[in-house]
Amino acid sequence: AGRPPRLDLDLEKRVQAACLKAIGQGLVDAAHDCSEGGLAVALAEMCFLAEPEARGVRADLYADFRVDALLFGESQSRILIEVPPEKMDAVMAIIREFQIPFAVVGEVAAVRFTLSVTDRRGGRQNLIDLSTAEIEQRWRGGLEQWMK
């Protein structure tokens with residue numbers, strides 16, 4: 001029997017405070033926690049809710065641990081934020097102020113969801129390259145498909 005994941009309350013408080021400050025200053029276009037399905041699901045859900053011209057993402061991640069844990073891990077204190085390029089410096093200043101670990105994971109794209117991962121040995125895997133509409137259709141109809 002394993003232990004439940006440890007929650008770093010100080011880090012959680014700093015992440016929330018930084019996110020609220022950036023949103024309050026109008027620096028963030030969208031935000032999504034990674035608690036229900038991890039980073040890959042949060043990226044997809046943000047695409048589903050985006051304006052038509054921004055319904056995709058080009059994400060290139062770095063994994064220094066298991067790729068499935070990176071993509072689908074539901075560890076605490078992780079918030080995915082969408083920041084316009086011209087506001088990135090201001091957001092980075094807030095991140096440094098609150099001493100929060102971070103990673104830039106990708107950029108908004110038109111209509112495709114592409115995701116690749118580079119591991120610590122330099123090996124790169126292209127994992128997903130589909131239209132966002134196709135991913136959304138599978139996501140919305142997944143349970144119904146299995147219940148037939």
Study note, to complete from the structure: residues 83-105 vs side chain to side chain donor-acceptor pair (under 3.5 Å), sequence neighbours excluded, gives Lys21-Glu97
**Study point:** Hphob cluster co-occupancy, Met92 + Leu80, side-chain heavy atoms under 4.5 angstrom
**Key:** no
Exercise for review: Identify, with sequence neighbours excluded, every residue that meets side chain to side chain contact (heavy atoms under 4.5 Å, CB included) alongside Asp10.
Suggested key: Asp8, Arg14
Check your understanding: Listed by chain and number, what are the side chain to side chain contact (heavy atoms under 4.5 Å, CB included) partners of Gln16, not counting sequence neighbours?
Key -> Glu12, Ile79
For a quick test of your reading: what N or O donor-acceptor pairs under 3.5 Å do the side chains of residues 102-121 make, sequence neighbours left out?
| residue | atom | partner | partner atom | Å |
| --- | --- | --- | --- | --- |
| Glu107 | OE2 | Arg58 | NE | 3.0 |
| Glu107 | OE2 | Arg58 | NH2 | 2.9 |
| Arg112 | NE | Asp129 | OD1 | 2.9 |
| Arg112 | NH2 | Asp129 | O | 3.0 |
| Arg112 | NH2 | Asp129 | OD1 | 3.1 |
| Thr114 | OG1 | Val57 | O | 3.4 |
| Ser116 | OG | Asp60 | OD1 | 2.9 |
| Ser116 | OG | Arg124 | NH2 | 3.1 |
| Asp119 | OD1 | Arg121 | N | 2.9 |
| Asp119 | OD1 | Gly122 | N | 3.1 |
| Asp119 | OD1 | Gly123 | N | 2.9 |
| Arg120 | NH1 | Asp64 | O | 2.4 |

Practice item. Identify whether Met46 and Val15 are in the same connected component of the hydrophobic contact network (ILVMFWY, side-chain heavy atoms under 4.5 Å). Key: no
Check your understanding: What's the spacing between Ile135 CD1 and Leu130 CG if we round to 0.5 Å?
Key -> 5.0 Å
Practice item. Would you check if Leu11 and Pro101 make a side-chain contact, meaning some heavy-atom pair closer than 4.5 Å? Key: yes
Check your understanding: Can you name the side-chain hydrogen bond (donor to acceptor under 3.5 Å, both in side chains) partners of Lys13, sequence neighbours left out?
Key -> none
Exercise for review: Find out whether Ile23 and Leu27 are in side-chain contact, i.e. whether some heavy atom of one side chain is under 4.5 Å from a heavy atom of the other.
Suggested key: no
Point to revise | In one Ile/Leu/Val/Met/Phe/Trp/Tyr side-chain cluster, 4.5 Å: Leu127, Leu70 | key: yes
Point to revise | Path from Val28 to Phe48 over hydrophobic side-chain contacts below 4.5 Å | key: no
Exercise for review: With rounding to the nearest 0.5 Å, note down the distance linking CG in Leu39 to CG in Leu61.
Suggested key: 5.5 Å
Review point. Which residues satisfy the side-chain hydrogen bond (donor to acceptor under 3.5 Å, both in side chains) test with Glu136, sequence neighbours excluded?
Key: Arg55, Arg140
Distance-only criterion, 3.5 Å: show the donor-acceptor pairs between side-chain atoms of residues 30-37 and protein atoms not counting sequence neighbours.
| residue | atom | partner | partner atom | Å |
| --- | --- | --- | --- | --- |
| His32 | NE2 | Glu45 | OE1 | 2.7 |
| Asp33 | OD2 | Ser35 | N | 2.9 |
| Asp33 | OD2 | Ser35 | OG | 2.2 |

Review point. Going from CD on Glu82 to CG on Leu43, what distance comes out if it is rounded to the nearest 0.5 angstrom?
Key: 10.5 Å
Check your understanding: Excluding sequence neighbours, so at least two apart, what forms side chain to side chain contact (heavy atoms under 4.5 Å, CB included) with Ala69?
Key -> Phe65, Arg66
Check your understanding: Side-chain heavy atoms under 4.5 angstrom apart, residues restricted to Ile, Leu, Val, Met, Phe, Trp, Tyr: same cluster for Phe72 and Trp139?
Key -> yes
Practice item. Applying ring-ring contact (aromatic ring centres under 6.0 Å, His included), name anything that partners Phe98, two or more places apart in sequence or on another chain. Key: none
Practice item. List in chain and number order the residues that pass side-chain hydrogen bond (donor to acceptor under 3.5 Å, both in side chains) with Asp29, two or more places apart in sequence or in another chain; answer none if no residue qualifies. Key: none
